[in-house]
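Following: one structure in structure tokens, then a few remarks.
First listed ligand is number 1; within each ligand, the first listed atom is number 1.
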Amino acid sequence: MSATPASLSEGPLPARERSIVLVGLMGSGKSTIGRRLASALGLPFHDADVEIETAAGCSVSEFFEKYGEPAFRAGERRVIARLLDGPRHVLATGGGAFMDAETRALIRAKAVSVWLRADLDVLMARVSRRNTRPLLAKGNPRETMERLMRERYPLYAEADITIESIDGPHDQVVRQVLGALESFIAKDAP
Ligand code: S3P
């Protein structure tokens with residue numbers, strides 16, 4: 001007997017069958033932790049930024065330059081909707097994705113969301129290693145990051161699970177996510 005596709009089944013999927021979506025600011029570790037989490041759970045891993053880059057044939061920075069941020073946000077919304085319609089996986093979103101009300105509602109309906117929360121110093125140390133973020137390319141990156149924290153943290157806080165993305169071994173954060181997921185799934189069980 002074949003399984004009923006998620007989009008055709010009645011009501012929300014139980015938590016144990018849902019994809020896991022990582023949200024949080026640039027430098028919070030969504031891709032690094034996401035890849036390890038997927039491997040620990042034996043699930044495929046997807047990165048929304050990489051999906052957009054592959055589809056557009058250019059980097060996120062080039063995309064921002066060529067088409068502007070609103071076009072990027074529209075692409076991000078479409079990519080996440082498409083992925084969440086597919087089989088269970090771990091998804092690292094770009095830092096702004098969860099700010100979009102439609103995307104937030106979709107993630108709430110179809111996935112278990114995990115906010116990787118990090119302090120300003122941790123975020124800055126991580127993003128300063130690579131110069132790939134268009135939002136930090138102009139002005140004072142630290143001030144931009146502080147503003148984004150003020151604007152976004154109240155919304156990230158709506159995620160199902162919050163984990164502190166400490167400046168320590170990645171495996172420790174992965175273990176914490178796994179533990180929190182287990183409790184969340186147990187609570188959701190009928
Ligand atoms: C963005 C974060 C980036 C990328 C784009 C915009 C944001 O992803 O989607 O540069 O608005 O915070 P990461 O969070 O993976 O760096």
Side-chain angles (χ1 to χ4, degrees), residues 19-39 44-84 89-107 111 113-159 161-167 170 173-174 177:
S19 289
I20 295 139
V21 174
L22 301 180
V23 305
L25 266 177
M26 299 171 271
S28 59
K30 301 179 295 286
S31 304
T32 311
I33 300 300
R35 204 167 286 116
R36 287 167 191 245
L37 184 65
S39 142
F45 171 72
H46 295 286
D47 186 314
D49 283 348
V50 173
E51 298 279 331
I52 296 168
E53 289 181 329
T54 307
C58 64
S59 70
V60 169
S61 289
E62 286 163 350
F63 194 111
F64 266 64
E65 247 175 63
K66 276 195 207 168
Y67 310 111
E69 185 172 347
F72 177 80
R73 298 301 175 198
E76 189 170 50
R77 195 181 306 125
R78 280 196 302 273
V79 159
I80 293 173
R82 171 175 60 75
L83 288 169
L84 289 184
H89 63 281
V90 175
L91 172 63
T93 59
F98 205 60
M99 298 305 107
D100 182 88
E102 214 177 289
T103 299
R104 223 166 38 248
L106 197 70
I107 293 173
S113 50
V114 180
W115 174 24
L116 295 181
R117 194 192 166 291
D119 290 338
L120 181 61
D121 286 339
V122 173
L123 295 172
M124 291 314 294
R126 292 189 188 145
V127 296
S128 59
R129 287 181 208 135
R130 284 164 64 224
N131 184 21
T132 54
R133 270 96 175 191
L135 295 188
L136 302 176
K138 291 184 202 123
N140 178 324
R142 197 178 174 88
E143 280 172 19
T144 304
M145 193 67 98
E146 277 179 309
R147 175 177 56 76
L148 291 174
M149 288 175 85
R150 279 195 304 276
E151 289 171 3
R152 294 180 175 182
Y153 274 24
L155 287 167
Y156 291 143
E158 291 183 13
I161 292 169
T162 297
I163 296 293
E164 206 60 39
S165 181
I166 47 147
D167 190 20
H170 297 314
V173 179
V174 172
V177 177

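- Ser28 contributes atom OG, which lies 12.0 Å from atom CG of Asp119 (distance to the nearest 0.5 angstrom).
- Of all the atoms in ligand 1, the ones that sit under 4.0 Å from a non-hydrogen atom of Phe72 are 9 (O).
- Under a 4.0 Å heavy-atom criterion, Arg152 is in contact with ligand 1.
- Of the heavy atoms in Thr132, none comes closer than 4.0 Å to ligand 1.
- Remark: ligand 1 atoms within the under-4.0 Å shell around heavy atoms of Gly94 are 8 (O), 9 (O), 14 (O).
- What you find for Phe45 and Ser31 is that their closest heavy atoms are CZ-O, 3.7 Å.
- Among residue pairs with one or both ends in residues 125-137, those qualifying as side-chain hydrogen bond (donor to acceptor under 3.5 Å, both in side chains) are Arg126-Ser165; sequence neighbours excluded.
- Taking atom 8 (O) of ligand 1 as the reference point, the nearest protein heavy-atom neighbour is Asp49 OD2, 2.7 Å.
- Within a 6.0 Å radius of OH in Tyr67, no more than 12 heavy atoms belonging to other residues, nucleotides or ligands are found.
- Close N/O approach between Pro134 and ligand 1 is not found [any backbone or side-chain N/O within under 3.5 Å].
- Remark: Arg150 does not engage Glu146 in a salt bridge, criterion side-chain N to carboxylate O under 4.0 Å.
- Under the 3.5 Å distance criterion, with hydrogens and angles disregarded, a donor-acceptor pair is assigned to the side chains of His89 and Ser19.
- If you check which protein heavy atom lies closest to atom 2 (C) of ligand 1, you get Gly95 N, 3.3 Å.
- When the options Glu69, Lys30, Arg133, Arg73 are ranked by their closest heavy atom to atom 6 (C) of ligand 1, first place goes to Arg73.
- At a threshold of 4.5 Å between non-hydrogen side-chain atoms, the residues Arg73 and Asp100 do not count as touching.
- The ligand atoms of ligand 1 that sit less than 4.0 angstrom from a heavy atom of Val60 are 5 (C), 10 (O).
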